[in-house]
Structure formats: C-alpha cells, structure tokens
Amino acid sequence: MILFVDTANFDEISEAASWGFVKGVTTNPSLIAKENLTQKEIITKITKLIDGPISAEVTVNGYDNMLKQAKELFSIDPKHIVIKLPMTIDGLRTCKKLHELKIPTNVTLCFSESQALIAMENNATYLSPFLGRLDDIGQNSIELIEKIMCIKKQYNYDTKIICASIRNANHIVKCALTGADIATVPFKVLKGMVNHSLTDIGLKQFDEAIEKTAKLAKK
Ligand code: G3P
C-alpha cells in the first residue's frame with residue numbers, strides 16, 4: 001500500500017520524506033490555512049521537499065474558474081502536482097476536462113459509493129473517500145472502501161483510491177486489507193505506525209545485553 005502524508009507543514013513533510021515509506025503529500029484548504037503562507041508559496045515549497053504526487057486543491061467555484069486555477073496550480077510543477085477537486089458537478093466536469101488535458105486529478109470529499117462511481121467514470125486519477133468523518137456520524141467507513149474497491153474492479157477503472165480522513169493505524173490496516181491503493185495519513189499517525197510495546201521491551205532487553213557484552217570486551 002502506498003502511503004502519503006496529509007499535511008501542508010514543511011517540517012512534517014521533510015521528516016516524513018526521509019523515512020522512505022512516504023511517497024506523496026495531500027493538502028486541503030484547512031491544512032493550508034494553518035501555515036500562514038499563500039497556497040502558491042506552500043505548494044511551491046512542498047515540491048522541493050518530496051519527489052512524489054502533491055495534491056493541491058482548487059479554492060474557487062464554477063467550471064471555468066476551477067479549470068483556470070487548476071492550470072495555474074499544475075504549472076507550479078507539472079511533474080508532481082495533482083489537482084484536487086470537490087465532489088460537485090463542476091468538480092466532476094473539471095475532472096473530465098483535466099483528464100483530456102493529461103493533468104492528474106484527485107476528487108475529494110467522497111462519502112458514498114454512488115459518488116465514487118461517477119468520479120471513476122469521469123476518469124479521476126485519484127479518488128479520496130473519507131473514513132474518519134463517516135465514522136464520526138456512526139457509519140461504517142471500511143464497508144464503503146470495500147464497496148468502492150468492488151466497483152473499481154468490476155469495471156476495471158484506472159482510478160487509484162486514496163483512503164483519507166484517517167484517524168488511526170487500524171484504519172490504514174483495514175483499508176490495506178481491502179486492496180485500496182493509497183492511504184493519506186496525518187503525520188502523527190504515520191509516525192506512530194512504528195510503535196509496539198513489545199518492540200520497546202525487546203529493545204530494552206537487547207540494550208542491556210549489548211552493555212553486558214561491551215563490559216566483557218573491556219576486560
Ligand atoms: O485531506 C482530506 C482528509 O484527509 C481530511 O481529514 O481529518 O479533516 O477529516 P480530516
């Protein structure tokens with residue numbers, strides 16, 4: 001499973017990029033607003049920090065405006081920029097047009113199988129169903145991912161599924177078991193994936209053994 005980091009924070013992206021298992025970045029207007037710079041400044045800097053897909057979301061309404069802004073964002077770095085589009089009719093129209101222009105897209109704010117189907121039908125490069133926000137309202141987010149993966153396979157859609165709004169490592173593992181392509185994960189959750197209490201106990205035991213052996217070498 002491919003892992004992306006879901007942040008616009010430069011320190012988090014630099015550190016995550018150094019780990020090896022983080023292959024891309026997704027941003028959204030809420031994440032951008034935390035950083036006190038313009039979207040263009042932030043996205044431009046991110047392209048210098050990681051060599052992978054970087055989702056930059058359109059912030060305007062209407063097909064013509066979305067298309068114009070998508071082209072501007074894409075021109076920042078055509079090798080890495082993916083245009084994030086909302087799950088609206090204008091977003092889907094823009095998605096179709098960008099596909100014709102060979103500009104990659106990520107259709108976001110997906111909460112249902114029917115939304116997923118029409119985004120895949122409009123050739124979204126990536127589709128982002130949200131897990132955490134569905135769980136928050138008492139719905140089964142993993143069941144949604146399973147059904148989207150089933151529809152994708154049934155019709156051989158090329159769209160890659162990015163599991164988003166991830167809250168914990170369990171979300172990631174359950175998504176991986178469905179065969180979902182990608183998970184975009186908050187920095188803290190990604191970093192926490194390495195932890196296990198038995199790993200800590202094992203490391204402590206090994207450290208004690210290393211110290212004992214080192215004392216023998218000094219004799
Ligand atoms: O970037 C989209 C998504 O991952 C947002 O997550 O935590 O705001 O529901 P969250």
Side-chain angles (χ1 to χ4, degrees), residues 1-13 15-17 21-35 37-40 42-43 45-47 49-50 52-60 66 69-70 73 76 80-88 91-92 94-95 104-113 115-116 119-120 124-145 148-149 159-176 178 180-193:
M1 184 183 224
I2 294 171
L3 296 172
F4 291 170
V5 62
D6 195 24
T7 182
N9 181 274
F10 301 147
D11 292 339
E12 290 183 350
I13 293 166
E15 188 180 335
F21 58 84
V22 175
K23 304 283 167 40
V25 175
T26 52
T27 66
N28 63 36
S30 309
L31 296 170
I32 293 282
K34 288 183 189 169
E35 303 305 318
L37 289 171
T38 68
Q39 185 190 31
K40 191 178 177 190
I42 292 169
I43 297 296
K45 176 83 188 275
I46 295 174
T47 64
L49 301 177
I50 190 161
I54 299 159
S55 286
E57 189 154 343
V58 296
T59 54
V60 291
M66 283 185 189
Q69 192 187 22
L73 287 169
I76 294 173
H80 296 108
I81 300 297
V82 173
I83 304 302
K84 213 169 178 189
L85 296 162
M87 179 63 76
T88 60
L92 291 172
T94 310
C95 175
T105 54
N106 175 1
V107 176
T108 188
L109 290 166
C110 171
F111 294 94
S112 75
E113 297 82 355
Q115 290 178 323
M120 292 194 278
T125 316
Y126 300 95
L127 171 71
S128 295
F130 280 30
L131 282 87
R133 294 189 197 189
L134 267 186
D135 290 351
D136 291 346
I137 60 160
Q139 292 197 20
N140 188 334
S141 58
I142 301 301
E143 205 175 285
L144 172 66
I145 303 300
I148 292 174
M149 290 309 293
T159 304
K160 291 198 182 336
I161 306 305
I162 305 183
C163 301
S165 187
I166 294 281
R167 301 276 198 262
N168 51 59
N170 201 30
H171 266 158
I172 302 164
V173 173
K174 284 188 172 166
C175 288
T178 71
D181 305 275
I182 299 161
T184 189
V185 184
F187 178 82
K188 273 191 189 153
V189 177
L190 270 178
K191 199 168 186 182
M193 287 174 80

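Values reported hereafter were calculated over all heavy atoms of this structure, with side chains retained and with hydrogens, waters and symmetry mates removed. Every number for a ligand or one of its atoms is a count from 1 in the order of the listing.
Sorted by first and then second residue, the pairs that involve residues 130-140 and meet salt bridge (charged side-chain N to carboxylate O under 4.0 Å, His left out), not counting sequence neighbours, are Asp136-Arg167. Within the structure, salt bridge (charged side-chain N to carboxylate O under 4.0 Å, His left out) pairs that include any residue of residues 180-191 comprise Glu15-Lys191, Lys152-Asp181 (at least two apart or interchain).
Formation of a donor-acceptor pair under 3.5 Å by the Lys84 side chain with backbone atoms of Asn28 is not found in this model.
Of the inter-residue distances, the one linking Ile83 atom CD1 with Met66 atom CE reads 12.0 Å to the nearest 0.5 angstrom.
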Between ligand 1 and the protein, which N/O pairs fall short of 3.5 Å?
{"from": "ligand 1", "atom 1": "1 (O)", "to": "Asp6", "atom 2": "OD1", "distance (Å)": "3.0"}
{"from": "ligand 1", "atom 1": "1 (O)", "to": "Asp6", "atom 2": "OD2", "distance (Å)": "3.3"}
{"from": "ligand 1", "atom 1": "1 (O)", "to": "Asn28", "atom 2": "ND2", "distance (Å)": "3.0"}
{"from": "ligand 1", "atom 1": "1 (O)", "to": "Lys84", "atom 2": "NZ", "distance (Å)": "3.3"}
{"from": "ligand 1", "atom 1": "4 (O)", "to": "Asp6", "atom 2": "OD2", "distance (Å)": "2.5"}
{"from": "ligand 1", "atom 1": "4 (O)", "to": "Ser165", "atom 2": "N", "distance (Å)": "2.9"}
{"from": "ligand 1", "atom 1": "7 (O)", "to": "Arg167", "atom 2": "NH1", "distance (Å)": "2.8"}
{"from": "ligand 1", "atom 1": "8 (O)", "to": "Arg133", "atom 2": "NH2", "distance (Å)": "2.7"}
{"from": "ligand 1", "atom 1": "9 (O)", "to": "Arg133", "atom 2": "NE", "distance (Å)": "2.7"}
{"from": "ligand 1", "atom 1": "9 (O)", "to": "Ser165", "atom 2": "OG", "distance (Å)": "2.7"}
{"from": "ligand 1", "atom 1": "9 (O)", "to": "Arg167", "atom 2": "NH1", "distance (Å)": "3.2"}

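In this structure Glu35 satisfies the salt bridge (charged side-chain N to carboxylate O under 4.0 Å, His left out) test with no other residue, sequence neighbours excluded.
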Item to complete: Please lay out, stage by stage, how Asn9 and Lys34 fare under the test side chain to side chain contact (heavy atoms under 4.5 Å, CB included).
Response: CA-CA 8 Å; Asn9 181 274; Lys34 288 183 189 169; over 6 Å; no
